[in-house]
Amino acid sequence: MKHEEVVAALKVIAEKGFATGISADDLKDLKTYNLIDSLEDVKSKKTIYALTKKGRVMLKANSKEQKPDTDL
């Protein structure tokens, strides 16, 4: 996965809690990098994903608006 794809996947998981539009291989990679954790909802028996501390830090660091470089 490219860096931009990782950030986009983390954003989707943070907003929805589900892996909508993320492939199984990409989820496996995110788990390998310790960016997400999977939990099973007892009532609906669906898998819910949550960001780990490392995932939250990465998302926050890459979500900040970049200031444009201006040469005056």
Side-chain angles (χ1 to χ4, degrees):
M1 291 179 75
K2 293 181 182 179
H3 179 74
E4 294 83 19
E5 293 171 342
V6 171
V7 174
L10 291 176
K11 188 174 182 180
V12 168
I13 292 172
E15 290 174 354
K16 298 180 181 177
F18 296 106
T20 307
I22 303 172
S23 70
D25 290 335
D26 290 344
L27 286 173
K28 189 183 221 184
D29 288 342
L30 293 173
K31 286 181 187 179
T32 303
Y33 302 144
N34 293 325
L35 297 174
I36 63 170
D37 192 20
S38 60
L39 309 165
E40 188 171 324
D41 187 16
V42 178
K43 293 180 182 177
S44 64
K45 296 191 179 184
K46 292 184 179 180
T47 303
I48 299 173
Y49 295 95
L51 299 180
T52 61
K53 183 176 181 180
K54 185 177 176 182
R56 288 189 305 268
V57 169
M58 183 175 182
L59 181 62
K60 184 176 180 181
N62 290 289
S63 297
K64 293 183 180 180
E65 291 184 23
Q66 302 287 331
K67 291 184 180 181
D69 293 335
T70 56
D71 295 330
L72 296 176

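Because the structure is predicted, anything quoted here is derived from the model rather than measured.
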Worksheet item: Is there a side-chain contact between Leu35 and Asp29 (heavy atoms, below 4.5 Å)?
Response: no
Fill in: Which atom of Lys31 lies closest to which atom of Tyr49, heavy atoms considered
CE-CE2, 3.9 Å
Item to complete: State, with a plain yes or no, whether a side-chain heavy atom of Met58 is found less than 4.5 Å away from one of Val6.
Response: yes
Item to complete: Please report the shortest heavy-atom distance between Leu59 and Ala14, naming the atom on each side.
Response: CD2-CB, 3.8 Å
Discussion item. Is there a side-chain contact between Lys45 and Glu40 in this structure, where contact means two heavy atoms from C-beta onward sitting under 4.5 Å apart?
Written reply: yes
Discussion item. Can you pull out every side-chain hydrogen bond (donor to acceptor under 3.5 Å, both in side chains) where at least one residue sits in residues 3-16? Sequence neighbours excluded, please.
Written reply: His3-Asn62
Practice prompt. Check whether any side-chain heavy atom of Ile13 lies under 4.5 Å from a side-chain heavy atom of Leu30, and answer yes or no.
Written response: yes
Worksheet entry | Contacts of Asp25 that satisfy side chain to side chain contact (heavy atoms under 4.5 Å, CB included) - sequence neighbours left out | Ser23
Practice prompt. Report yes if some heavy atom in the side chain of Ile36 is under 4.5 Å from a heavy atom in the side chain of Leu10; otherwise report no.
Written response: yes
Worksheet entry | Rounded distance (nearest 0.5 Å) linking atom NZ of Lys46 with atom CG of Asp41 | 9.0 Å
Practice prompt. Might you point out which heavy atoms bring Phe18 and Ile48 nearest each other, and give the distance in Å?
Written response: CE2-CG1, 4.1 Å
Practice prompt. Say whether Val12 and Tyr33 are linked into one hydrophobic cluster, either directly or through other cluster members, by side-chain heavy-atom distances under 4.5 angstrom.
Written response: yes
